[in-house]
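One structure coming up, written as structure tokens, with questions to follow.
The structure displayed is predicted, hence computed values, not measured ones.
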Amino acid sequence: MESQNQHLPQPQEPSKLGTTFSRTCFNGLNTLSGLLLQRCMDANLHIKTYPDIGDVAFGQKGRITISIFMYLELYFVAVEFLILEGDNLNRLFPNMGFNMAGIKVGGRQCFVLLTAVVILPTTWLKNLGLLAYVSAGGVLASAVLVACVFWVGAVDGVGFHEGDVLLNMRGLPTCISLYLFCYCGHAVFPTLCNSMKDRSQFSKVLLVCFITSTITYGSMAALGYLMFGQHLKSQITLNLPTRKISSRIAIYITIINPLTKYAIVITPIAAAIEEARPIRNSRVISILVRTLIVISTVFVALMVPFFSYVMAFIGSFLGVAVSVLLPCLFYLKINVAARRFGLELVMIIGILVIGSLVGVVGTYSSVKEIVNRILD
């Protein structure tokens with residue numbers, strides 16, 4: 001979740017030692033979807049953001065539809081941040097907790113609440129320039145995190161001796177959903193494209209971004225698989241031996257990043273609510289709105305504390321819509337020539353079919369797992 005003042009997204013990827021045929025296909029489909037957004041922008045110079053594309057394609061209904069999906073995606077990413085903080089802080093400081101009104105609050109829940117208290121004042125800021133600069137360090141932090149995990153495996157004694165099960169069909173829907181979450185950067189593409197001096201170079205930017213992301217997150221996935229195999233948890237930091245300095249650095253990096261990004265993620269949601277005419281420019285209402293958003297994300301994080309399955313839900317339901325299906329539909333609506341039968345139309349239909357299949361199966365699988373775990 002890097003560079004983000006208006007919209008969201010960013011990567012994270014599961015992979016093996018090499019890029020398989022299916023992963024290569026998904027990379028191609030994802031890149032094609034990004035290129036389709038660029039073509040939509042080229043067709044109308046007034047397009048500046050993703051909702052603008054929806055508006056040009058389907059009018060106000062298109063703008064509202066893409067806005068809903070984008071804001072839901074941002075909201076659940078904020079929830080993921082809280083779950084992430086709770087899990088990793090509980091890993092560093094186990095056996096924490098307290099009693100409140102006769103109710104025992106466990107360590108994970110305690111740290112989710114503590115995190116919310118810490119980040120709440122940052123959400124009240126209107127100018128997030130400083131946080132944006134800090135957040136930009138996330139790219140470096142990701143590289144350091146991969147290096148620390150590698151160090152744990154190569155030097156600190158964990159080793160690379162696991163990874164005996166190459167294929168687990170039961171976990172395939174969740175895996176693909178997680179994979180899609182890693183490439184949910186499309187909502188911010190129009191903003192990035194408009195920020196460039198030469199928009200014709202944006203296709204090269206897409207290529208660099210996808211390759212870099214695949215290498216970074218693929219390396220992490222491969223390390224986790226080789227180090228812990230079937231015992232790998234939803235976050236590799238939960239597997240790392242906390243007595244090692246390299247492990248603690250990795251966990252601290254994982255903890256610090258969301259603290260700097262939470263406010264940036266929920267700001268577009270709050271701004272959309274604050275733009276309503278009756279409450280516009282009210283500082284008190286602004287603080288109240290942002291506080292209520294934080295409280296609601298805390299509630300969801302406590303009710304559904306399943307990091308991997310929430311991420312899978314974001315990828316399969318929201319990610320597929322924002323990054324795969326809607327770019328294709330908007331492009332076909334805006335570009336009449338694209339609707340003529342030919343290779344381009346066949347490829348777009350293929351993207352729509354595969355995206356729909358992955359979305360339905362992944363959403364069903366992730367929601368089913370979440371419900372089952374809540375009932376358990």
For Val324 and Gly355, the nearest pair of non-hydrogen atoms, with its separation, is CG1-CA, 4.0 Å

Where do Ala116 and Leu82 come nearest, in terms of heavy atoms and distance?
N-CD2, 4.5 Å

Restricting to pairs with a member in residues 320-355, which pass ring-ring contact (aromatic ring centres under 6.0 Å, His included), not counting sequence neighbours?
Phe58-Phe330

Taking C-beta and beyond as the side chain, do Val294 and Tyr262 meet within less than 4.5 Å on heavy atoms?
yes

Please name all residues satisfying side chain to side chain donor-acceptor pair (under 3.5 Å) with Arg339, sequence neighbours left out, ordered by chain then number.
none

Residues that Glu80 engages under salt bridge (charged side-chain N to carboxylate O under 4.0 Å, His left out), provided they are two or more places apart
none

Decide whether Ile334 and Ile64 are clustered together by the hydrophobic rule: side chain heavy atoms of Ile, Leu, Val, Met, Phe, Trp, Tyr closer than 4.5 Å, transitively.
yes

So which residues get pulled into Val336's cluster when ILVMFWY side chains under 4.5 Å apart are joined, directly or through others?
none

Side-chain heavy atoms of Thr123 within contact of Ile266, under 4.5 Å
yes

Salt bridge (charged side-chain N to carboxylate O under 4.0 Å, His left out) with Asp156: which residues, sequence neighbours excluded?
none

Hey, mind stepping through Ile53 and Ile66 against side-chain contact (heavy atoms from CB on, under 4.5 Å) and telling me if it holds?
CA-CA 9 Å; Ile53 297 177; Ile66 187 59; over 6 Å; no

Arg63: salt bridge (charged side-chain N to carboxylate O under 4.0 Å, His left out) partners, not counting sequence neighbours:
Asp52, Asp55

d(Leu178 CG, Tyr309 OH) to nearest 0.5 Å is 9.0 Å

Minimum heavy-atom separation for Glu85 to Pro258, with atom names?
OE2-CG, 3.4 Å

Minimal non-hydrogen separation, Gly86 against Val112, with atom names
CA-CG2, 3.9 Å

Does any part of the side chain of Tyr50, heavy atoms only, come nearer than 4.5 Å to the side chain of Cys40, both counted from C-beta?
no

Can you find a heavy atom in the side chain of Thr115 that is under 4.5 Å from one in the side chain of Leu89?
yes

Applying ring pair (Phe, Tyr, Trp, His ring centres under 6.0 Å) to Phe306 and not counting sequence neighbours gives none

Strictly by side-chain hydrogen bond (donor to acceptor under 3.5 Å, both in side chains), give each pair with a member in residues 356-366 just once, sequence neighbours left out.
Ser316-Thr363

Same cluster or not: are Leu120 and Leu292 linked, directly or through other Ile, Leu, Val, Met, Phe, Trp or Tyr residues, by side-chain heavy atoms under 4.5 angstrom apart?
no

State the CH2-CD1 distance between Trp124 and Ile119, to the nearest 0.5 angstrom.
11.5 Å

Is there a path from Phe150 to Val155 through hydrophobic residues (I, L, V, M, F, W, Y) whose side chains come within less than 4.5 Å of each other?
no

Step by step, work out the side-chain contact (heavy atoms from CB on, under 4.5 Å) result for Arg248 and Leu92.
CA-CA 8 Å; Arg248 285 185 169 268; Leu92 283 178; 3.6 Å; yes

Interatomic distance, CG@Leu375 vs CD1@Ile370, rounded to 0.5 Å, equals 12.0 Å

Gly359 and Val320: which non-hydrogen atoms are nearest, and at how many Å?
CA-CG2, 4.0 Å

Can you find a pair of side-chain heavy atoms, one from Thr267 and one from Leu74, that are under 4.5 Å apart?
no

If I take atom CZ from residue Phe76 and atom CZ from residue Phe81, how far apart are they, to the nearest 0.5 angstrom?
14.5 Å

Flag the pair Ile176 / Val361 as yes when at least one side-chain heavy-atom distance between them is below 4.5 Å, and no otherwise.
no

What pairs with Phe111 under ring pair (Phe, Tyr, Trp, His ring centres under 6.0 Å), at least two apart in sequence or on another chain?
none

One should read off an interatomic distance between Leu288 CG and Arg283 CZ, to the nearest 0.5 angstrom, of 12.0 Å

Hydrophobic clustering (ILVMFWY, side-chain heavy atoms < 4.5 Å, transitive) - are Ile83 and Val371 grouped together?
yes

Note, Asp87 side chain near Gln235 side chain (heavy atom, < 4.5 Å)
yes

By side-chain contact (heavy atoms from CB on, under 4.5 Å), Ala270 pairs with (sequence neighbours left out) Glu274, Val289, Arg290, Ile293

Shortest non-hydrogen separation from Val146 to Thr216 and the atoms involved:
CG2-O, 3.9 Å

To the nearest 0.5 Å, tell me how far Met70 CE sits from Ile269 CD1.
10.0 Å

Sub-4.5 Å side-chain heavy-atom contact between Leu223 and Phe160
yes

Side-chain donor-acceptor contacts of residues 237-245 below 3.5 Å, not counting sequence neighbours, with atom names and distances?
| unit_1 | atom_1 | unit_2 | atom_2 | d |
| --- | --- | --- | --- | --- |
| Thr237 | OG1 | Asn88 | OD1 | 2.4 |
| Asn239 | OD1 | Lys233 | N | 2.8 |
| Asn239 | ND2 | His231 | O | 3.0 |

Quick one: side chain to side chain donor-acceptor pair (under 3.5 Å) partners of Ser296, sequence neighbours excluded?
Tyr75

Hydrophobic clusters here meaning ILVMFWY residues chained together by side-chain heavy-atom distances under 4.5 Å, can you tell me if Leu72 and Phe181 are in one?
yes

